[in-house]
2 protein chains.
Amino acid sequence: MSTKNKILDAADVLFADKGFNGTSLREITSQANVNLAAVNYHFGSKKELIKSVMSRYMDELSPQLESALLLICQAKRKPTLHEVFSAFIEPLLSLNEFKENGTSTFLQLLGRGYTDSQGFLRWFLTTQYPDVFTNFTKAVKKAYPELSTEEMFWRLHFTMGTIVFTMSSSEALIDIAQNDFDNKLDIAGVIERVIPYVSAGVAAPISPL
Amino acid sequence: MSTKNKILDAADVLFADKGFNGTSLREITSQANVNLAAVNYHFGSKKELIKSVMSRYMDELSPQLESALLLICQAKRKPTLHEVFSAFIEPLLSLNEFKENGTSTFLQLLGRGYTDSQGFLRWFLTTQYPDVFTNFTKAVKKAYPELSTEEMFWRLHFTMGTIVFTMSSSEALIDIAQNDFDNKLDIAGVIERVIPYVSAGVAAPISPL
DNA sequence: CGCTATTTTAAACGCCTGTTTAAATTCACA
DNA sequence: TGTGAATTTAAACAGGCGTTTAAAATAGCG
């Protein structure tokens, strides 16, 4: 395997586990059995390495999400919110073929990106992959047209928070759940449980304020 | 004002803004106009300072939450989930009297604690303030007794994610919302909007799986 | 093979981190 | 006012950080 990919794989796992700021290049390179300077040689800087780690996922995910959401938008029938959110399941789980535990790692990274690094990753994603957001918004609007744009803005961000936050600590939560309920559960199981939740949240009746 | 409090106030703001790992003791002490060594003199270590910052909020909040939730648990009438979640509003907003923008700072810190520092803060809160969790669980169970303990476990963590994540980026979100919809909104407004969302999420019908 | 370009390597750079030290200062109380 | 304790201070500590450098090793190709 190439040095570049060895670095990406090691960084991927470590970033997800300890955050971007919390992971040093020395940890990454020693985990990857690679010289320290290799990161700067192949990627230029730590910041560019972070972007590369995220891009590897987004380039795989983005077209799949786009086609799944477009299918909903172009259908004649009015979709349910449950269907809209379910459109994410298959593309997300497909990351596991592309890399072991790819789904959870990606969602963990997403969570890191929101809290670490003061929002530079949010900027990176919304500017580099804007279609995902616009298609998703369209699909939700089709499923729940009575929702005002502003109300939808908030509810989608609530949803983003639910997903990202849950997944970024999914490992710990699954551990707790397994101890307390000895119920075998994996990342797909968590997704199965979170979708009814966010669907109901977005579908909540409009409060009169 | 005492050196100890000057440090706590400065740390409070900086931790919320840049995270625990992202804030150095030198930033804190220079912001507080205090000698660098004062942190280790008064608190012992950075980790203990973090605990002190959180305790200051929790000691104020915990008894208020306890009595509000107990009121619901001991009432004869079955509460709605909306009422259960609303029990948090007043105690949280009361933090603003105790400190300017205390509500948002506290929730930001909570969000930081979940993602920074690999869960040591979660351990600290659940062991030091367990009553909040148990009372909350009881109240929810009273409002929605059909929900299994396991299902509730997950939905409460989803809710925690929604709240914490939203609030930890509430400043940025309020900015965006104000630009896009020129609708004046503050932290209380965000809370008003998130409660119907999480209520509906927790109240979602139990999926057959 | 020999040469060029690519990649790897060890070492050092300057800077920042949390913590500790010991001296200087301030404070409280007899 | 004098004395001992509490606090503040400047300085240094050891160690980690991302990045850079220049030499060494490797690879691809005429």
Side-chain angles (χ1 to χ4, degrees), chain A residues 1-56 108-109 112-113 115-124, chain B residues 1-56 108-109 112-113 115-124:
Chain A
M1 185 183 307
S2 72
T3 300
K4 214 168 167 174
N5 276 324
K6 281 198 275 184
I7 294 175
L8 282 172
D9 285 344
D12 185 309
V13 173
L14 287 168
F15 282 153
D17 199 39
K18 317 172 65 170
F20 300 115
N21 298 329
T23 306
S24 70
L25 295 185
R26 282 169 177 82
E27 287 179 271
I28 293 169
T29 52
S30 78
Q31 182 78 34
N33 273 312
V34 148
N35 188 273
L36 166 62
V39 170
N40 292 277
Y41 176 76
H42 285 286
F43 297 93
S45 68
K46 185 180 180 179
K47 209 164 198 168
E48 289 298 320
L49 171 61
I50 296 174
K51 286 190 196 173
S52 296
V53 169
M54 293 309 290
S55 293
R56 205 164 53 144
Q108 280 175 359
L109 289 170
R112 297 296 185 181
T115 47
D116 279 17
S117 65
Q118 287 182 298
F120 115 85
L121 202 66
R122 169 158 36 180
W123 166 86
F124 172 69
Chain B
M1 183 181 311
S2 72
T3 300
K4 214 168 167 174
N5 276 324
K6 280 198 276 185
I7 293 174
L8 282 172
D9 285 344
D12 184 310
V13 173
L14 287 168
F15 281 154
D17 200 38
K18 317 172 66 171
F20 300 115
N21 296 329
T23 305
S24 71
L25 294 185
R26 283 168 178 82
E27 288 179 272
I28 294 170
T29 51
S30 77
Q31 183 79 33
N33 273 314
V34 149
N35 187 274
L36 166 62
V39 170
N40 291 279
Y41 177 75
H42 286 284
F43 296 93
S45 68
K46 186 181 179 180
K47 210 163 197 169
E48 289 298 321
L49 171 60
I50 296 175
K51 286 190 196 171
S52 297
V53 169
M54 293 308 289
S55 293
R56 204 164 53 144
Q108 281 174 4
L109 289 170
R112 296 296 186 182
T115 49
D116 279 17
S117 64
Q118 288 182 295
F120 115 85
L121 202 66
R122 169 158 36 178
W123 165 87
F124 171 69

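What you see is a predicted model, and the numbers here were worked out from it, not measured in a lab. Chain naming here is simple, since letters A, B, ... match the order of the sequence lines and numbering starts at 1 in each.
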### Task
Using whole Å, report how far CG of Leu36(B) lies from P of dT17(C).
10 Å
### Query
Given atom CD1 of Ile50(B) and atom C1' of dT19(C), what is their separation to the nearest angstrom?
15 Å
### Query
Taking OH from Tyr41(A) and P from dA5(C), how many angstroms apart are they, rounded to a whole number?
13 Å
### Task
Could you tell me the separation between the CD atom of Glu27(A) and the C1' atom of dC17(D), rounded to a whole number of Å?
11 Å
### Task
Please determine if a side-chain N or O atom of Asn35(B) lies less than 4.0 Å away from the OP1 or OP2 oxygen of dT7(D).
no
### Message
Does any part of the side chain of Lys18(A), heavy atoms only, come nearer than 4.5 Å to the side chain of Asn21(B), both counted from C-beta?
### Response
no
### Message
Looking at Arg26(A), is its backbone amide N or carbonyl O close enough to the side chain of Thr29(A) to form a donor-acceptor pair, meaning the two atoms are under 3.5 Å apart?
### Response
yes
### Query
Below 4.0 angstrom from OP1 or OP2 of dT7(C), is there any side-chain N or O of Thr3(A)?
no
### Task
Could you please spell out the steps behind the side-chain contact (heavy atoms from CB on, under 4.5 Å) verdict for Ile28(A) and Val34(A)?
CA-CA 9 Å; Ile28(A) 293 169; Val34(A) 148; over 6 Å; no
### Query
Mapping Ala38(B) and Leu25(A) onto DNA chain D by nearest heavy atom, which one lands closer to the 5' end?
Ala38(B)
### Query
Within this structure, what is the CG-to-C1' distance between Asn40(A) and dC13(C), rounded to whole angstrom?
13 Å
### Task
To the nearest 0.5 Å, tell me how far Phe15(B) CZ sits from Met54(B) CE.
10.5 Å
### Message
Between Ser24(B) and dC16(C), is there a contact of a side-chain N or O with OP1 or OP2 at under 4.0 Å?
### Response
no
### Message
With hydrogens left out and only the distance checked, is there a donor-acceptor pair under 3.5 Å joining Arg26(A)'s side chain and the base of dG18(D)?
### Response
yes
### Query
Once you round it to whole Å, what is the distance between C1' of dC16(C) and NZ of Lys46(B)?
12 Å
### Task
Please check the phosphate of dT8(D) (OP1 and OP2 only) for any side-chain N or O of His42(B) closer than 4.0 Å.
yes
### Task
Please report, rounded to the nearest Å, how far the P atom of dC17(D) is from the CG atom of Leu14(A).
12 Å
### Query
Which pair of heavy atoms, one from Ser45(B) and one from Val39(B), lies closest together, and at what distance?
O-CG1, 4.5 Å
### Task
Report which part of the nucleic acid Thr23(A) touches: base, sugar-phosphate, or nothing (heavy-atom distance under 4.0 Å, all strands).
sugar-phosphate
### Query
What's the closest nucleotide to the Ala37(B) side chain, out of dT21(C), dG18(D), dA10(C)?
dT21(C)
### Task
Take the protein atom CE of Met1(B) and the nucleotide atom P of dT8(D), then report the distance between them rounded to whole Å.
14 Å
